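Here's the structure we're looking at; comments come further down.
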Amino acid sequence: MNFNERKNLIVITGPTAIGKTALSIQLASHFNTEIISADSRQFYKELKIGTAPPSAEELATVKHHFIGNLSINDSYNVSKYETEALAKITGLFTIHDYLVVAGGSGLFIDALLHGIDDLPDPDEELRQFLKLKYANEGISSLRMMLKEYDPEYYEVVDLANSKRLMRALEVCISSGKKYSELRTNFKKPREFSSICIALNRDRSELNQSISFRTDAMIKKGLEAEARLFFQLRHLNPLNTVGYREFFDYFEGLISYDDAIEKIKTNTRRYAKRQITWFKKKEEFSWFHPDDYAGILNFINSKK
RNA sequence: GGUGGGGUAGCUCAGCUGGUAGAGCAACGGACUGAAAAUCCGUGUGUCGGCGGUUCAAUCCCGUCCCUCACCA
């Protein structure tokens, strides 16, 4: 990229149900530009209710990218997103000075802003082998294996987290190198400026918003939508709040009312994890979602 | 109004023969490199309904008042 004018990526993030969609549309309209989604569940076109994607009206107001661009049968990952989103952004910056990124998936935003290390993609056979090993021999077998392949990573990894252990083993085995050596944490330079905005508000208000939105999803037919995918529930994109709880209900494990309560609880927890993630990212400035004037002022001050 | 049960953490409830209390869930805090709305780790947050009394010591025993549930009027 070689731009004469400065290109600005306005990043809008924050916990779920805080109001990212509405704000991003307002901003994109103001700057007469487009929106890049950074929401790892709104990619899936089949998930129309439970992931709270922008409405048809909203999509008609502002051009969105990476909304409903994948199927739940696709296998996708952050690295692909980095490549595709970066390419999309690079293209759009030839006609826009501002672009808006909106979404709450911290790892994906991180990959977009700073890149992610060049690691091998998961190999399905190898992953199955490791899953089986974990199921049959327990987590200690993964630990012992990792200690052999990569003692340095073994020292720092969360030894209780089977997915981290399996992923590290995957990388070691398929690359023939140590995971700890491939993880450079190098921040790739980007040829645009980022204006990073995180939204948050009083926790009780956020919880109320979560409860309200969940009820709205139920009214829109979330149960029926979940039922469509019951047979496909093993797919990763369906390991998602709002669907998994209904799957438990369909299996007779919990009651209907419990399913709805659990959707709310798990959404609250998800929101908390998002807040924890972004709190330590110093590049983000925090705003109340209603403070549009303050946010606009902040963006313009970055010129 | 009478009789009986109950009032302990945000909720549901344990708590022995008196030694200022603990489970589940919720909540809160944290980690995070191709599964990330995923996955994992950590933390009891309390006028034991109020006021008196007995006792070296009361969530526990006694009195009284308040609240609540059930049954009887």
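It should be emphasised that the depicted structure is a prediction, and the values quoted were computed from it without experimental measurement. The chains referred to below are lettered A, B, ... by the order of the sequence lines, with proteins before strands, and numbering in each begins at 1.
A residue-by-residue look at A:T240 and A:D158 shows that A:T240 has its nearest nucleotide of RNA chain B further toward the 5' end.
The same atom, P, is picked in B:rU33 and in B:rC40; the two are 14 Å apart, to the nearest Å. For the P atoms, the distance from B:rC60 to B:rU3 is 23 Å, rounded to whole Å. The same atom, C1', is picked in B:rA21 and in B:rA58; the two are 13 Å apart, to the nearest Å. Across the P atoms, B:rC28 and B:rU45 are found 16 Å apart, a figure rounded to whole Å. The gap from the P atom of B:rA9 to that of B:rC48 amounts to 9 Å, rounded to the nearest Å. Atom name P, nucleotides B:rG22 and B:rC41: the rounded distance is 24 Å, in whole Å. B:rA57 and B:rG19: their C1' atoms are spaced 6 Å apart (whole Å). Comparing the P positions of B:rC65 and B:rA27 gives a spacing of 42 Å, expressed to the nearest Å.
In this entry the base of B:rG63 is anti relative to its sugar, with a glycosidic angle more than 90° from 0.
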**Fill in**
In B/S/- notation (B base, S sugar-phosphate only, - none; protein heavy atoms under 4.0 Å), nucleotides 23-28 of chain B written 5' to 3' is ---SSB
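In this structure, A:R273 reaches the B:rA38 phosphate: one of its side-chain N or O atoms is under 4.0 Å from OP1 or OP2. Checking the phosphate oxygens (OP1, OP2) of B:rG30, a side-chain nitrogen or oxygen of A:T276 falls inside 4.0 Å. For B:rA36, one of the phosphate oxygens OP1 or OP2 lies less than 4.0 angstrom from a side-chain nitrogen or oxygen of A:R41.
Among the atoms of the strands shown, base atoms are found under 4.0 Å from some heavy atom of A:N185. Note on A:G50: a base of the nucleic acid sits closer than 4.0 angstrom, heavy atoms only. When heavy atoms are screened at a 4.0 angstrom cut-off, A:T16 is found touching no nucleic acid atom at all. Within the 4.0 angstrom heavy-atom criterion, only backbone atoms of the sugar-phosphate kind lie near A:N239; the bases stay farther away. Across all strands, A:D258 comes closer than 4.0 Å to no nucleic acid atom at all (heavy-atom distances). Within the nucleic acid shown, A:S180 has no heavy atom closer than 4.0 Å to any nucleic acid atom. Within 4.0 Å of A:Y81, counting heavy atoms only, lies no atom of the nucleic acid at all. In this structure, A:Y243 reaches neither bases nor backbone, as no heavy-atom distance under 4.0 Å exists between it and the strands shown.
Residues satisfying the side-chain hydrogen bond (donor to acceptor under 3.5 Å, both in side chains) test with A:Y243, not counting sequence neighbours, are A:E225. In this view, A:R143 satisfies the side-chain hydrogen bond (donor to acceptor under 3.5 Å, both in side chains) rule with no residue, not counting sequence neighbours.
Judged by distance alone, the side chains of A:Y249 and A:E245 never bring a donor and an acceptor atom under 3.5 Å apart.
Atom CG of A:N32 has 12 or fewer heavy atoms from other residues, nucleotides or ligands within 6.0 Å. Within 6.0 Å of CG on A:N73 lie more than 12 heavy atoms contributed by other residues, nucleotides or ligands.
Side-chain proximity of A:R244 to B:rA36, B:rU33, B:rU39: nearest is B:rU39. Side-chain atoms of A:K163 lie closest to B:rA38 of the nucleotides B:rG34, B:rA38, B:rC40. If you check B:rG34, B:rC40, B:rA31 against the side chain of A:R164, the one that comes closest is B:rA31. Looking at the side chain of A:N236, the nearest of the listed nucleotides B:rU33, B:rU39, B:rA36 is B:rA36.
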**Asked** Does the salt bridge (charged side-chain N to carboxylate O under 4.0 Å, His left out) test come out yes or no for A:K88 and A:E84, once each step is laid out?
**Response** CA-CA 6 Å; A:K88 178 63 73 181; A:E84 292 172 13; over 6 Å; no
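Residue A:L146 shares its hydrophobic cluster (ILVMFWY side chains chained together at separations under 4.5 Å) with A:L119, A:L126, A:F129, A:L130, A:Y134, A:I139, A:L142, A:M145, A:Y149, A:Y153, A:Y154, A:V156, A:V157, A:L159, A:L165, A:M166, A:L169, A:V171, A:I173, A:Y179, A:L182.
A:Y98 and A:L112 fall into different hydrophobic clusters, where Ile, Leu, Val, Met, Phe, Trp and Tyr residues are linked whenever their side-chain heavy atoms come under 4.5 Å apart, directly or through other members. Residues A:F43 and A:L99 share a hydrophobic cluster, clusters being chains of Ile/Leu/Val/Met/Phe/Trp/Tyr side chains in contact below 4.5 Å.
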**Asked** Dot-bracket for RNA chain B, 5' to 3', with Watson-Crick and G-U pairs under 3.5 Å, [ ] for crossing pairs and | for other-strand pairs: what is it?
**Response** (((((((..((((.....[..)))).(((((.......))))).....(((((..]....)))))))))))).
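The distance from the CZ atom of A:F246 to the CZ atom of A:F230 is 13.0 Å, given to the nearest 0.5 Å. To the nearest 0.5 angstrom, A:L222 atom CG is 13.0 Å from A:K48 atom NZ.
Pairing each heavy atom of A:K45 with each of A:S71, the nearest pair is NZ-CB, 4.0 Å.
Residues from residues 279-290 of chain A lying near RNA chain B, meaning a heavy-atom separation below 4.0 Å, are A:K279, A:K280 in numerical order.
The distance between the ring centers of A:Y81 and A:F66 falls below 6.0 angstrom.
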